[in-house]
Amino acid sequence: MINAAGRFIPDTLPGYRDIRPYAGPFATVPDGRRAGQKIKAFRPGTSKVLASLEEAIEASGLKDGMTISFHHALRNGDRVMNMVMQTIAAMGFRNLRLAPSSFLDANDDLIPYFESGVIVAAQCSGARGRLGAYLTTHRLQEMTILRPHGGRARAITSGELHIDVAFLAAPACDRMGNINGIEGPAACGSLGYAMVDARYADTVIAVTDHLVEGALCPVSIPQHLVDYIVPVSSIGDPRGISSGALRITTNPRDLLLAKLTARVIETAGYYREGFSMQLGAGAASVAAGRYLRDIMLRDRITASFAIGGIPGPFCDLLDEGIIQTLFDTQSFDARAIQSLRDNPRHQEYDVDHYANPWNKGAMVNHLDYVVLGATEVDVDFNVNVITDSHGTIMGAVGGHPDASAGARCTIITTPLIRGRLPIVTDRVQTICTPGETVDVIVTDRGIAVHPSREDLRENLMKARLPVMDIKELRDLAYSITGEPDPLPITDEPVAVVEYRDGTVLDVIWKPQD
Amino acid sequence: MHESLRRAMLFAPGNNPGLLQHAGIYGADSLIFDLEDAVSIHEKDAARILVRNALATIRYPCEVGVRINHISTPWGFDDLAAILPARPDFIRLPKCEEAEEIKRIDDIVTKAERRYGFPEGSIRLMAAIESPRGLRNAFEIASASPRMMALAIGGEDFATSLKTTKTKDGAELFAARSMIVYAAREADISPIDSVFSDLQDEEGFIRETELARQLGFDGKSCVHPRQIELVHRVFTPSEKEIQSAQRILKAYREAMARKAGVVAVDGKMIDAPMIIRARRTLAHAVAAGLVPQEDLND
């Protein structure tokens, strides 16, 4: 069948539930009730602190075939996922379903567990490095599922993704099980991903290298959600978690994109006192924040809130009063972690609150602007952020489709050409965000506006911004790079790209050798 | 002939494919692809081919020239032979000392235009003066060919040939700068100021650009895209200057329409130089996007 994004979706996929094809950003109307944790009653005097991971895994009742989860807030500094998997493998478990919020480069070490049958299925936001390549070239027992952050929260809260045991890297934890992410040697800031797992997993194991005596304060994940606590020597390498303060780029092309993006925000039609935005953490997005700051100071305009992953430069805008509140699901650098700790208007919140399409109103629904990147975009405004020019998984869907669906104006910022590759093409390899939820594409050689947004186009033209037809941009790119040949792929599906509502947006096929 | 403004001329090294590909996106008024000092002797031939192909393949939004190696070097003539078929908008000759050099290049360009069927005179020339000898011959060089469109000062080399160094206040180049402006203006071509190579010193760059503008230069060579905006800012007239220019031109147009004689604006008599200056101010305002193009058409 062909779904509403124009993609061919097979009628069945091996190791995947009944297929619901993507039918439009808000086509699915949910029914039923939310899922929930098993009820447990811990009596006074119960100790949660166990001596080892083995003990905790045994106590959790983990069995072959179950689903386990992790969060990725420690990014490439994370040691917990690899450490836990090593223990699980040594204990002889098999056929597990691994459902972390995302994989990062640090998770290349997991490949042997896929090869040996310890892990037989992966559900995540994305994967990089050798693991990404492995998931592209190996069909697992179940289809690998790639979900946006909001889609993962939906799958968990609706019971579609049931987590048996969640292993939570806990930067700071007290003996009762209260957790936060802003203290300890592996502080990572917001625990926005972990908060959802903690509420819905049957068993929650906190793995910490900073066990606090007395009561931890503030609390991000409360004790009543946590079963066991395992102290270990280190949960993460701070150098991989955060990189001091993220610097504003000096790359002239990124700065040009940033300036154009700030101008689009200023003139597209939603820039007014109290507007709201999500700016990504890419170089151009962060720099756009800096240019926007000057514009907002000049006009004496403040933003009511900004959301998304938060890099340090946005905390400066918060301190200056240019942004009134930050909502933070993931803190990108040491500056953001410090701000979350010290500034009461820097608010930690979970991914359900941020982006779940099946609740009573996620924050993304209240965005005026979101600025996002792209690996490639096509003439239908579809965006790919997950597969590279070889068709290999090398990125994560993240909150891209969530914020795009929610925001009144979705801006994609990308150079028109990267290296030898045209970024505006006829057809993206993999659709991660459907074009009907994208409004403006800002490139270094021109700006394209979705044909359904004549209002935006007029506003940008009035501001004398270089508005072009998307096909002109494609032609310009092809005139320099040539038109790329279609990628040679096989007819073997390896992964499903789910839209935020759980419908199938696209399928990733194994590339030819 | 109406010439577009040459406020910021951006250099891009001819051996860097990425920079050549993107050079046009930063809003420079002119691009100069460099085959000379930016390219080591081991890469001269590769850079030549790369620049030729960039010119032939990529549509740039502004004029594009090539700085060739001097024709007294082993590479200069080969540079011309490789580049001319791709029809650059102009050729920049470095270290120019005599009008004869321009005439020889003019000959070669004329032949190439005929051979490749380009309109005669369409490929322009500019020269950089980088020595006292070149400075002494500046007017002859500037007027050596009808193709000549600009005269630049190569500040670093000039300072070296004076046995001094280029400083940020530029006292050592003051006379040379002015003399180049005189020569270029006498020949009715554009004087272009030297590069400023300390990328970290934004204030110093702005000061030097302001000095160049005050001395009469039309523009400045840039070695980094982020200098372009600074040059444009310096060369952009103030709101007050723009309004005054608009009033002068309006009064002038009305006077012409009424066939009236002398007119005054703001208590000042309008004379021919004021009208020329007003047009120039408006041209800069149009280039900066501050007034619509129509305001220039009278």
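Taking the six-membered ring wherever Trp is involved, the centroid distance between the rings of B/Phe205 and B/Phe196 falls below 6.0 Å.
Interface residue A/Arg464: only side-chain heavy atoms are found under 4.5 Å from chain B. With a 4.5 angstrom heavy-atom cutoff, A/Ile417 touches chain B via backbone and side-chain atoms both. Residue B/Glu229 touches chain A through its side chain alone, counting heavy-atom pairs closer than 4.5 Å.
Counted by atom type alone, A/Asp299 and A/Tyr271 present one or more donor-acceptor pairs between their side chains at under 3.5 Å.
When each of B/Arg213, B/Arg7, B/Arg280, B/Arg6 is checked for a salt bridge (Lys or Arg N to Asp or Glu O under 4.0 Å) with B/Asp218, only B/Arg280 meets the rule.
Side-chain contact between A/Glu483 and A/Asp426: present, with at least one pair of heavy atoms (C-beta onward) separated by less than 4.5 Å.
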